[in-house]
Every structure is written in structure tokens, then in C-alpha cells.
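Below: one structure, written as C-alpha cells.
These values consider heavy atoms only, across backbone and side chains, with no hydrogens, waters or symmetry-generated copies. Residue numbering restarts at 1 for every chain, and letters A, B, ... go by the order of the sequence lines.
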Amino acid sequence: MPELPEVETIRRGLDGWVIGRRITDVEVRHPRAVRRHHAGPADFRARLLGTTITGTRRRGKFLWLPLDSGDALLCHLGMSGQLLIEPPDKPDGPHLRIRLVFDQAEHQLRFVDQRTFGEMLVSPDGAELPGEIAHIAPDIYDPAFDLAEFSRRLRARRGEVKRALLDQSLISGVGNIYADEALWRARLHGNHPSQELSDAVARELVEHIREVFDAALNAGGTSFDALYVNTNGESGYFDRSLAVYGRAEEPCRRCGTPVERIKFTNRSSFHCPSCQIVPG
DNA sequence: AAAAGCCCCTGCTTGC
DNA sequence: TGCAAGCAGGGGCTTT
């Protein structure tokens with residue numbers, strides 16, 4: 001899915017457009033898109049009608065729009081979700097899941113999602129922090145992110161460091177791409193046991209995450225194809241800067257050794273076998 | 001309690 | 001050509 005930089009790019013795109021707008025119609029085109037709104041699509045619609053969006057917020061890969069009702073419209077893009085600001089006369093694509101219509105607006109907001117892993121729900125009293133995502137750890141840009149606490153919890157874990165980075169309850173916003181990129185920058189192998197990391201290395205790892213996120217944000221996010229776009233439907237360009245992800249057999253940008261691809265929990269991991277060594 | 005596996009989807013690519 | 005398997009950047013739930 002979009003990882004933190006892509007979701008943040010989308011949040012910024014929404015921020016300049018949705019704030020202050022009043023919702024006048026809601027159309028749920030696919031029930032799966034609101035599957036975690038347990039009261040169902042009709043209730044989802046009813047709770048949104050007539051409310052005004054007061055802001056745009058994000059934690060990790062979750063995005064929410066606080067409403068003047070005190071509730072929040074919570075959204076996760078899953079693997080292929082898009083939030084598009086489009087004119088009403090633009091034809092609906094086959095993957096349109098939810099449409100939001102606003103008072104006196106020349107555009108509407110469309111939630112488009114090919115693979116339907118994404119979702120929206122209305123979180124009661126969720127404006128400040130939706131209860132549905134209270135278990136997600138703060139991401140590195142959140143003032144609540146506690147570096148010492150992250151280091152302590154990371155090093156208390158059994159298991160491998162890459163799996164830890166992907167655990168959203170430990171640190172949020174990192175997915176498969178940026179985990180590989182940050183580990184490469186840190187010269188750590190993803191299979192490195194978390195428990196063997198020093199406090200200094202754990203803190204450095206966060207700095208590498210920050211650097212790769214900052215770089216991706218400056219490029220407008222990563223996109224391999226037309227699935228990953230901002231609210232204008234445009235792709236980011238950070239894929240041109242990826243050091244290891246998707247670069248199997250290509251030379252490591254540091255030492256020239258061919259990048260290796262390995263299986264990791266039914267996914268792919270990429271690393272440099274020279275720069276990133278597992279101890280022991 | 002924490003960690004690992006399974007599952008949910010669609011569409012594109014690859015290999016027989 | 002046709003079909004099956006593999007693959008894709010997710011998280012929640014169940015099991016161990």
C-alpha cells in the first residue's frame with residue numbers, strides 16, 4: 001500500500017481542499033469498503049450527512065477527517081486505495097467504492113480501490129484520535145513518538161528486526177518498501193535479531209527511517225504504477241531513488257554487489273548481501 | 001503476552 | 001492460446 005509518505009502526500013492534497021466543506025451526499029458503491037463500520041452503509045451515510053470537515057489528520061498509514069459532529073471519517077487505503085478530488089462529470093471507474101458530495105463544490109471526493117483492502121468508517125467521537133486505531137503506535141513525525149521507548153521495546157522483542165519494523169503497534173507508517181530502504185541505509189539485515197541491537201543502533205535506525213521518509217515526501221511519494229497517486233491522480237517519483245527495493249540482481253548503490261531478493265512472510269525482501277550481514 | 005500464520009480481494013505477469 | 005500459479009507496497013483475526 002501507500003506507506004507513510006504516500007498517505008501524508010494524500011493528506012496534504014486533501015487538506016487544502018476538504019476543510020470547511022459540508023457533506024451533502026454519500027454513496028457507498030461496495031459494502032466491503034465500509035466493512036468495519038459495523039452498523040452498515042446506511043448508518044455510515046447518515047452519520048456523515050450534514051457534517052462539516054474540520055481538518056485532516058494522520059497516524060502511520062491511517063488518515064482521518066475530523067467532523068464538526070465530533071466524529072471522524074477514518075480511512076485506510078489498504079494496498080490500492082486512492083482518494084481523488086474529481087469533477088462530477090468525470091465518469092466513474094469500475095473501482096469506485098465511495099463517493100462524497102459537498103455543498104457548493106465543483107468537485108467530489110472519490111474513494112477508488114481496486115483490491116478492496118482499503119476501507120472507510122465513521123469513528124464516534126474520533127476527531128482527536130479514532131478509538132479504532134488507538135492501538136497503533138505513533139509514527140516518527142508524531143510529537144508523541146518516544147525514541148527511548150521505541151528502542152527499549154524493539155530490543156525487548158524476540159524475532160527479527162524487519163518484522164518489528166512492520167509491526168504497526170511498535171512503530172507506525174513503515175511498510176515493506178521503506179523497511180527495506182531504511183535497513184539498507186542502516187547496513188542492517190532484516191533477519192538481524194532485534195534483541196542484539198544496541199540502543200545507539202536502534203536510534204540510528206529511526207534516523208534512517210526519517211531520512212528515507214523525508215526524501216520520499218520531497219518526491220511526492222513512491223509509485224510503481226498508476227495505482228499509487230495523489231489526490232490529483234499524479235504519481236510520485238521516489239521509485240527512481242530506491243536503493244534496494246525491487247532491484248534484485250542490480251548493483252548495490254554503495255558497493256556494487258548484486259542486490260538479493262529473499263522471501264519474507266509471503267512477501268519479498270531486498271538487501272545487499274555485502275553491506276547487510278546477519279551476525280553469527 | 002507476544003509472535004507467527006492465515007485470510008481477505010483483483011488484476012497483471014509468468015511459465016507450462 | 002489457455003490456464004494456473006505467483007505476485008503486489010495492507011492489517012485483522014486466530015492460533016500457538
Inset, instruction - For A/His30, answer base if it contacts any base atom (sugar-phosphate contacts may also be present), sugar-phosphate if it contacts only those atoms, and nothing otherwise; contact means non-hydrogen atoms under 4.0 Å. - result: nothing
Inset, instruction - For A/Arg158 and B/dA1, give me the distance from atom CZ to atom P, rounded to whole Å. - result: 14 Å
Inset, instruction - Specify the separation, in whole Å, of atom CZ of A/Arg32 and atom P of B/dC7. - result: 14 Å
Inset, instruction - Answer yes or no for A/Arg253 and A/Trp184: cation-pi contact, defined as NZ/CZ to six-membered ring centre under 6.0 Å and angle to ring axis within 45°. - result: no
Inset, instruction - Figure out the CD/C1' separation between A/Glu160 and B/dA3, and round it to whole Å. - result: 11 Å
Inset, instruction - Would you please indicate yes or no on a ring centroid separation below 6.0 angstrom for A/Phe102 and A/Trp17? - result: yes
Inset, instruction - Give the rounded distance in Å between these two atoms: CD1 of A/Ile136 and C1' of C/dG11. - result: 8 Å
Legend entry - Rounded interatomic separation in angstrom, taking CD from A/Glu6 and P from C/dA8: 17 Å
Legend entry - Rounded interatomic separation in angstrom, taking CG from A/Asn191 and P from B/dA4: 11 Å
Legend entry - P atoms of B/dG11 and C/dG12, separation to the nearest Å: 24 Å
Inset, instruction - Examine C/dA8: is either OP1 or OP2 under 4.0 Å from a nitrogen or oxygen in the side chain of A/Arg261? Give yes or no. - result: yes
Inset, instruction - Ignoring backbone atoms, test whether A/His95 places a side-chain nitrogen or oxygen under 4.0 Å from the OP1 or OP2 oxygen of B/dG11. - result: yes
Inset, instruction - Could you tell me whether the side chain of A/Arg163 has a donor or acceptor atom within less than 3.5 Å of a complementary atom in the base of B/dA3? - result: no
Legend entry - Test item: A/Glu181 side-chain N/O and A/Ile177 main-chain N/O as donor-acceptor pair under 3.5 Å: no
Inset, instruction - Could you tell me whether A/Arg45 and A/Asp25 have a side-chain N and a carboxylate O separated by less than 4.0 Å? - result: yes
Inset, instruction - Cation-pi check, A/Arg59 to A/Phe62: give yes when NZ or CZ is under 6.0 Å from the six-membered ring centre and within 45° of the ring axis, no otherwise. - result: no
Inset, instruction - Give a yes/no answer on whether the side chain of A/His76 brings an N or O atom under 4.0 Å of OP1 or OP2 in C/dG12. - result: no
Inset, instruction - Give a yes/no on whether any side-chain N or O of A/Lys263 is located under 4.0 angstrom from OP1 or OP2 of C/dC7. - result: yes
Legend entry - Position toward the 5' end of DNA chain B (nearest nucleotide), A/Pro94 or A/Arg157: A/Arg157
Legend entry - Pair A/Arg203, A/Ser151: side-chain N/O donor-acceptor within cut-off below 3.5 Å: no
Inset, instruction - Looking only at side-chain atoms of A/Ser268, point me to the closest of C/dA8, C/dG10, C/dG12. - result: C/dA8
Inset, instruction - Using whole Å, report how far CE of A/Met79 lies from C1' of C/dG6. - result: 13 Å
Inset, instruction - Using the six-membered ring for Trp and the full ring for Phe, Tyr or His, decide whether A/Phe117 stacks on the six-membered base ring of B/dC8 (centres under 5.5 Å, planes under 30°). - result: yes
Inset, instruction - Determine: side-chain N/O of A/Gln114 to OP1/OP2 of B/dT10, distance under 4.0 Å, yes or no. - result: no
Legend entry - N or O in side chain of A/Thr265 less than 4.0 angstrom from B/dG5 OP1/OP2: no
Inset, instruction - Go ahead and name the base partner of B/dC9; Watson-Crick or wobble counts if both distances stay under 3.5 Å, otherwise write none. - result: none
Inset, instruction - Check if the side chain of A/Arg267 and the base of C/dG10 share a donor-acceptor pair of N or O atoms closer than 3.5 Å. - result: yes
Legend entry - Separation of C/dG12 P from A/Glu132 CD (nearest whole Å): 11 Å
